[in-house]
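In what follows, a single structure is set out as structure tokens and then discussed.
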Amino acid sequence: MDLVMLSRLQFAVAVFFHFIFVPLTLGLTVLLAIMETIYVRTGDETYKRMAKFWGKLFLINFALGVVTGITLEFQFGTNWSKYSAYVGDIFGSLLAIEATAAFFLESTFVAVWTFGWDRVGKKVHCFAIWAVAFASNLSAVWIIIANGFMQNPVGYVIRNGRAELEDFLTVVTNPYAWGQFFHTIASSWMLAGFFVLAVCAWHLLRKNGDPVFAKSVKIAAPFTLILALLVAVAGHHQGQIVARHQPAKLAAMESHWETRENAPMYLLVWPDQEEGKNSVEAIGIPGVLSFMAHGNFSQEVTGLNAFPKEDIPPVLLTFLSFRFMVALGAVFILLSGWAWLKRRNLAESPLLARLLIWTIPLPYLAIMAGWMVAEVGRQPWIVYGLMRTSDAVSPVPTSSVALSLAAFAVIYTALGILDIYLLAKYARKGPHAPEIQPESAGE
Amino acid sequence: MLETIWFILWILLWAVYFILDGFDFGMGTLMPFLARSDAEKRVIYNASGPFWDGNEVWLITAGGVTFAAFPLAYATMFSALYAPLLILLFALIFRAVAFEFRNKVNCGLWRGVWDTCLFLGNFVPALLLGVAFANLFRGIPIDAEGVYQGNLFTLLNPYGLAGGLLFVIMFAYHGALWLELKAEGPLQERAGRTAKALWPLLLSLVLAFLALSAFYTDMYTSIAAHPVIYAALIVAVVGLVASRLALANGAMWTAWFMSSLFILGLTFFGAGSMFPSLIISSIDPSFSVTLANGSSSPLTLKIMLAVALTAVPVVILYQAWVYYTFSHKITAKELESEHAY
């Protein structure tokens, strides 16, 4: 394999592994904040035990999220040095702002929350988890604005042989970035909702009468349903932004080859990139692709053959990832809708409870598939229309990258297994039993 | 001017990182030698407890600021230091996981594995940071295209290794002082004795490093053009001596703060000696990445300065509050808490 492919694979391994932990952090911190707020408002100890129980799972997940994020920040320098030098003026500053404005807040207050149960007042403690929830989601804002620049570069000027910042406001209000942000955040929060529902389902199936689970379901079920719906809305909106700014990606998502008006959507498709057409194409619904892309049934949708061959992304992977993601999105709406209907008596619906447990990996896979569409669909560009991925790679020996990729694969696999083991262990263990002597009010 | 301000801020971020994560590095490095029981090991884990994560963010910020303010330096430095940087990052991963995982399974083998990870996860970064910075002071073989013409072993030259050793001992001293503050009983005494024993070694390493610098680097020639950099050396020496005096008087917080001052001064002296270069090429000085050819555009530097001057003081305020809130000793009762590492 060549240097570019190895470097891409290594980045993919690092970023996908990192993003196993991030969505749960983004969503679970919000749920934790809601739970602890209820505790502070009502004084009901169940919600304190609830926050502690989910907090333990959150912390196991959080540690790996932090450290795998650090390797990512430095990988732009180690493996993509040409890219870093070319767009660092803009991209680097967004990463630096993320660290100073968001990541400090998150990491500092997560410690206050973890170690501060008996050291700071109730309200300060509750504030700490809100700070963590706010900061982790603020982190996502800056990272996705940085990614948005790669997808739809704006606010720059080519000067001194590199892309230099011209208008900061344009960079941070990039519509592509914000479209991605809402879709990512909604799906991450939804993932956390499903995670909570699944763990509760496991305990409720085993007739665990601890009110923590029944009450967690009541919080998580509506949360998950609303977000599953918002994921679809934000996703549709993002599709239209892609159609406007990255027509080649949109065409690859749909395996749409010939530019035409009133473009149909085919239910059965298999792309053939060599021939520049679909080898299978059946059951078309007229105008639906035009509508999905541009909001009206007759508008023209650019096909892949309108682009030079070297500018077309890998179609099969982009197309399959997109279909897989959309199909799962529909499953999530049905599943969370069902869970919402049964939110008061989940224990009496063993089929639903089992389904919730067995589908824990699906939101993760859907999010991975979504990023696959975003990143593979952008190829052959690292910055769309501005810099090719093949021009961005560091001049390091191929053997070094092969070796580091192997190290990433081995270490991350081992850590992944350990993390799942610990999460399962603590999820099954359940919350602490209620304390016999209630704490004195007010602290 | 803007570039110079960023150069100073850049050094400051690394210095704060060394001061804060330095005591974590030091305690982890010393753990196999100081902790005699599981409880004592846990005291060391929990002495870093609420702090290590926030401390590590200073590294991320230092990295991010290198990227933002000096993109060419970021690109050149980290692709040149490919192997050591990845080893450092992997080591930090194992350290973080050791904190979070060790106390989650009650099994001697499990804990032993994570104790080893904690040691390596602190010792290896301390060593590599020293090796990397010494090599930066000296210059690394980058060609006209900024391509690194060496390998991992190029960096492991006598001067680089001297830098590594200096960092390990500097952090070990700094960590011993912190542990003295956080521990009780025999472990506290052992930590205090270790700090006293390490001090002469640290002093000789500093002197040796300064002498080797005259031999291996152009440090003193470039400082001659900006003698103000010697002020940093004076700060370092004052910090080092004052720390020992405070240690003798049992004024432990003062000793730790003076040790911090020493680290601050030494970082400013070493990194300042590179001014106005960011990465010195040992092949040909004209290949060096400098403030003139390696900085971001003035607009980016201005925006980043505004961000840094608003955000960083706030960060310092709330981190100081966290340090104050958790400044207590790690007592036996503390270890019983379900939240303790």
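What you see is a predicted model; the values in this text were computed from it and never measured. A, B, ... follow the sequence lines: proteins, then strands. Residue 1 opens every chain.
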Value for CZ (Phe94(B)) from CD1 (Ile411(A)), rounded to nearest 0.5 Å, stands at 4.5 Å
Residues Tyr82(B) and Ser404(A): closest non-hydrogen pair is OH-OG, 2.7 Å
Compare all side-chain heavy atoms of Pro395(A) with those of Val147(B) and state whether any distance is below 4.5 angstrom.
-> yes
Which atoms form the tightest heavy-atom contact between Val396(A) and Ser79(B), and what is the distance?
-> CG1-O, 3.5 Å
Answer with yes or no after comparing the ring centroid distance for Tyr318(B) and Phe104(A) against a 6.0 Å cut-off, counting only values under it.
-> no
Side chain, backbone, both or neither: which part of Glu166(A) has a non-hydrogen atom closer than 4.5 Å to chain B?
-> backbone
Is there a donor-acceptor pair closer than 3.5 Å between any side-chain N or O of Gln319(B) and the backbone N or O of Thr108(A)?
-> no
Aromatic ring proximity, centroids under 6.0 angstrom, Tyr341(B) and Phe115(A) = yes
Here the pair of heavy atoms bringing Glu334(B) nearest to Arg119(A) is OE1-NH2, 2.8 Å
Could you tell me which portion of Phe62(A) (side chain, backbone, both or neither) has an atom closer than 4.5 angstrom to a non-hydrogen atom of chain B?
-> side chain
What's the shortest heavy-atom distance between Ala75(B) and Ser84(A), and which atoms?
-> CB-CB, 4.0 Å
Could you tell me whether a side-chain N or O of Asp89(A) sits under 3.5 Å from a main-chain N or O of Ser297(B), the two making a donor and an acceptor?
-> yes
Name the region of Thr310(B), side chain, backbone, both or neither, that has any atom closer than 4.5 Å to a heavy atom of chain A.
-> neither
Side-chain contact, heavy-atom cut-off 4.5 Å: Pro71(B) with Arg162(A)?
-> yes
Nearest-0.5 Å distance, CD1 of residue Ile303(B) to CG of residue Leu165(A) = 5.0 Å
Determine the option with the most heavy-atom pairs under 4.5 angstrom with chain B, choosing from Val87(A), Ile90(A), Leu403(A), Leu418(A).
-> Leu418(A)
Of all heavy-atom pairs linking Tyr74(B) and Gly77(A), the shortest is OH-N, 3.1 Å
Pairs of heavy atoms under 4.5 Å with chain B: top-ranked of Phe91(A), Tyr86(A), Phe109(A) = Phe109(A)
Phe101(B) versus chain A, the contacting section by heavy-atom distance below 4.5 Å = both
Nearest non-hydrogen partners of Phe103(A) and Ile60(B), listed with the distance = CE2-CD1, 3.0 Å
Any side-chain heavy atom of Phe74(A) within less than 4.5 Å of one from Leu86(B)?
-> no
Going from CG on Leu89(B) to CD on Glu73(A), what distance comes out if it is rounded to the nearest 0.5 angstrom?
-> 9.5 Å
Is there side-chain contact between Ile70(A) and Glu56(B), with at least one heavy-atom pair below 4.5 Å?
-> yes
